[in-house]
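Below: one structure, written as structure tokens.
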Amino acid sequence: MAAPVNIIVGSHVWVEHPELAWVDGEVFKISAEEVHVHTTNGQTVITNISKVFPKDTEAPPGGVDDMTKLSYLHEPGVLHNLAARYELNEIYTYTGNILIAINPFQRLPHLYDTHMMEQYKGAQFGELSPHVFAIADVAYRAMINEGKSNSILVSGESGAGKTETTKMLMRYLAYLGGRSGVEGRTVEQQVLESNPVLEAFGNAKTVRNNNSSRFGKFVELQFDKNGRISGAAVRTYLLERSRVCQISDPERNYHCFYLLCAAPPEVREKFKLGDPKSFHYLNQSNCYALDGVDDTEEYLATRRAMDIVGISEEEQDAIFRVVAAILHLGNIEFAKGEEADSSVIKDEKSRCDAKSLEDALINRVMVTPEEVITRTLDPVAAVGSRDALAKTVYSRLFDWLVDKINSSIGQDPNSRTIIGVLDIYGFESFKLNSFEQFCINFTNEKLQQHFNQHVFKMEQEEYTKEEINWSYIEFVDNQDVLDLIEKKPGGIIALLDEACMFPKSTHETFAQKLYQTFKSNKRFIKPKLSRTSFTISHYAGEVTYLADLFLDKNKDYVVAEHQVLLTASKCPFVSGLFPPLPEESSKSSKFSSIGSRFKGVLEAIRISCAGYPTRRTFYEFLHRFGVLAPDVLDGNYDDKVACEKILDKMGLKGYQIGKTKVFLRAGQMAELDARRAEVLGNAARIIQRQIRTYIARKEFIALRKAAIVLQSYWRGILACKLYEQLRREAAALKIQKNFHSYTARTSYLTARSSAIQLQTGLRAMVARNEFRFRKQTKAAIIIEAYLRRHIACSYYKSLKKAAVITQCGWRRRVARRELRNLKMAARETGALKEAKDKLEKHVEELTWRLQFEKQLRTNLEEEKAQEIAKLQDALQAMQLQVEEANFRILKEQEAARKAIEEAPPIVKETPVIVHDTEKIESLTAEVDSLKVCTLNWVIIIVKLPFDLQV
Ligand SMILES: Nc1ncnc2c1ncn2[C@@H]1O[C@H](COP(=O)(O)OP(=O)(O)OP(=O)(O)O)[C@@H](O)[C@H]1O
């Protein structure tokens, strides 16, 4: 890519950075060829103008999904675009119809689920975001529509994600062309199931990838006429044979060796294996185990995968026996001897004769026309022979596995179309490069040519569509490198094959031959200090190869002695790996099966740069560069003419105007951008000036307003402060006044209370004295009273005593007189008592009489009652008689009256009898008298006890 020419002060550019690769910045000074740049990470870089690249300031921050949309196709632009997309987890980006995938180093399941597959199925290319499915879809549609086979090339350096991408491609193709499958398993499944076997024998840990495929793989999916998958085959290329015998720290040998050393004890016992450290082929590196990988489990998984692929138990045993034999073979050492010192060889692993093995390792038979010569190898050569044997056996074993897998998956001989997915490592350049790197780089060179042609063709198609003249497009070609390598006759390979034909050739003679032949080839360089190495200037850079083992490696035939030994093996599996071959075929060159390949991103861009790398639709162009000629935009021209006028005005040459797009040569976009930047810069300056004036004025007004506001605020604050001070003074006065009054009052109160206290004390003292005096007086009075009472009492007592004595004398006299009287009365009392007894008897008698009288009276009363009743009855009867008499009288009166009336009246009264009434009256009088008697007796009885008591 040409260095940009239109860098001006203020341009945004990319400059190289030792750690970040590229960093962007702004040019602030240009002096001659030197550019001074302020980078965005705060540094100032001074560099040559040819080492800075313009930055597209209008590029979308998330990047563009197709690199061809980038305004500037250069390394920093491409890397920046990829990085921007990667930040957003967009790992895929197109470059035309090439897909660039960045290894995300994390699972992104949403990118590969069935929903995604559905979306991409039949979608127009470019319609959806870049994706590996879109590539597979295009290949499949092209195959269906045009009936042509297609291949998808997956390339990149180790660890880039080729194997993962291949798996995704196959999964999508199987989704599109899925078939019912064999025994329920789809072809894709079968291919994927065979992966663990291939990986165990073909993958190894490298510096970059713990599971690096050390072989190229071409998976061929065969389709029937209906577009259904009808078979599949796996073809492998370029197995890294040297790894079997030679590894460097921290890499590992092929996984299978470690798996076998970690196999269950009985297996290890059977193959006499132990610690991997004890094997020369493994202990050249200190790395034995992989993080997160359990080799014992992997061993069992590999055996299971072998079962699935259809490898029988015996075959599996034989395979691991061969693996173990290779490890043991590596431990054979050689010492210098008279002829050759043989080592102790345990032959049971390879099941061949110990003597034959020894012969095969250290003897070489040379057949000359005259005689057959047997020569022994020196120890170094014997080691080479041993390693060659190990590599041969291992690579044959690997090929056998691939064949087995293919026959297990099943091929469709009638398939008319295939889609192939080629997964092979990219361009390699190490410290020491040998024949393997030569092959890989040659392959990549071929692929690059294919790619160039392919892209060139696409470019041509685009130009033809746009009807532009493309006859003078320079085509970047690597044909000269390919001529150097593969030209017949005269190329490196032809010379190598030639050297292999001559038994006397050595790597030195071969190298000399190369130096001589290509001394004037600009793609071939002879390193100054070396006699056997040579440098090829590949399209991707210079690589120096060591010619030392080229001859041996190119021969790629099994040493006759080894072939004889292995063919004669007692193990049918081993002898099967080495069937007797016709003489010629064992000496074929390696280069019979190498196909064409693809290279990298920047090369794609380089090709684009060779033609018209920048193309813009008229609308895009006018939109972007219309500012360069405003008069053209105002001139009402048709888009195409407007574009042409702008380009002419800018004085550009070599561009082309198509039907819908403007095609620009490399660098022209940058030139236009620089002019545009200038115009925009000027305009920006004017706008800035105006805006700055406007802003400054606005700021000034705002400042003034702010100052006034501030002042008023400040004055307000001052006034507040003053007021506060005055208020405080007034308050202080008030406080002072109150304080003075308080102190005066307090002292007055103190004095007053002291006076009162004093007065109180004095008065109390006076009162106490008074009280004491009164108390003494009272006590004196009491004492006096007591004294007087005592005197009076004593006087009274003496008087009383005298009176008593006097009275006693008197009373004694009276008493004596009384006693005499009483004694006389007592004598009279005896007579009274007798009278009393008599009276009592009389009372008793009277009582009895009373009772008796009562009884009598009761009886009398009863009788009287009866009498009364009788009398009443008689009365009643008499009354009745009276009534009757009255009635008769009345009647008689009536009759008399009648008679009187009738006769003269005569009156005659009849006397009434009153005997009964007199009797009653007498009885009542008697009763009354009895009653009076009884009452008189009662009064006497009651009165008597009283009289007695008195
Ligand atoms: N698309 C992806 N999504 C998730 N992980 C990925 C993807 N691509 C690659 N990886 C990760 O990167 C690792 C290396 O990838 P892979 O083995 O495919 O690389 P490779 O290019 O085939 O390497 P080699 O050439 O050494 O075999 C994988 O084990 C996987 O973890």
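Scope of the values below: all heavy atoms of this structure, side chains included, with no hydrogens, waters or symmetry mates. Treat the numbers as computed from the prediction; the structure is a model and nothing was measured. Start at 1 with the first residue, then count along the sequence. Read the numbers this way: they start at 1 and go in the same order the structure lists the ligands and their atoms.
Applying the ring pair (Phe, Tyr, Trp, His ring centres under 6.0 Å) criterion to F218, with sequence neighbours excluded, gives no partner residue. With sequence neighbours left out, the ring pair (Phe, Tyr, Trp, His ring centres under 6.0 Å) criterion links F125 to Y94. When the ring pair (Phe, Tyr, Trp, His ring centres under 6.0 Å) test is applied to F257, the partners found at least two apart in sequence or on another chain are Y394.
Cation-pi geometry between R252 and Y258 is satisfied (NZ or CZ under 6.0 Å from the ring centre, within 45° of the ring normal).
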Intermediate values then yes/no, ring pair (Phe, Tyr, Trp, His ring centres under 6.0 Å), F223 and Y140: CA-CA 10 Å; F223 291 84; Y140 184 76; 5.7 Å; yes
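Considering N89, N81, L88 in turn, N81 is the only one that fulfils the side-chain contact (heavy atoms from CB on, under 4.5 Å) rule with R85.
Residues with a heavy atom under 4.0 Å from ligand 1: N103, P104, F105, Q106, R107, Y112, E157, S158, G159, A160, G161, K162, T163, E164, N209, S212, S213.
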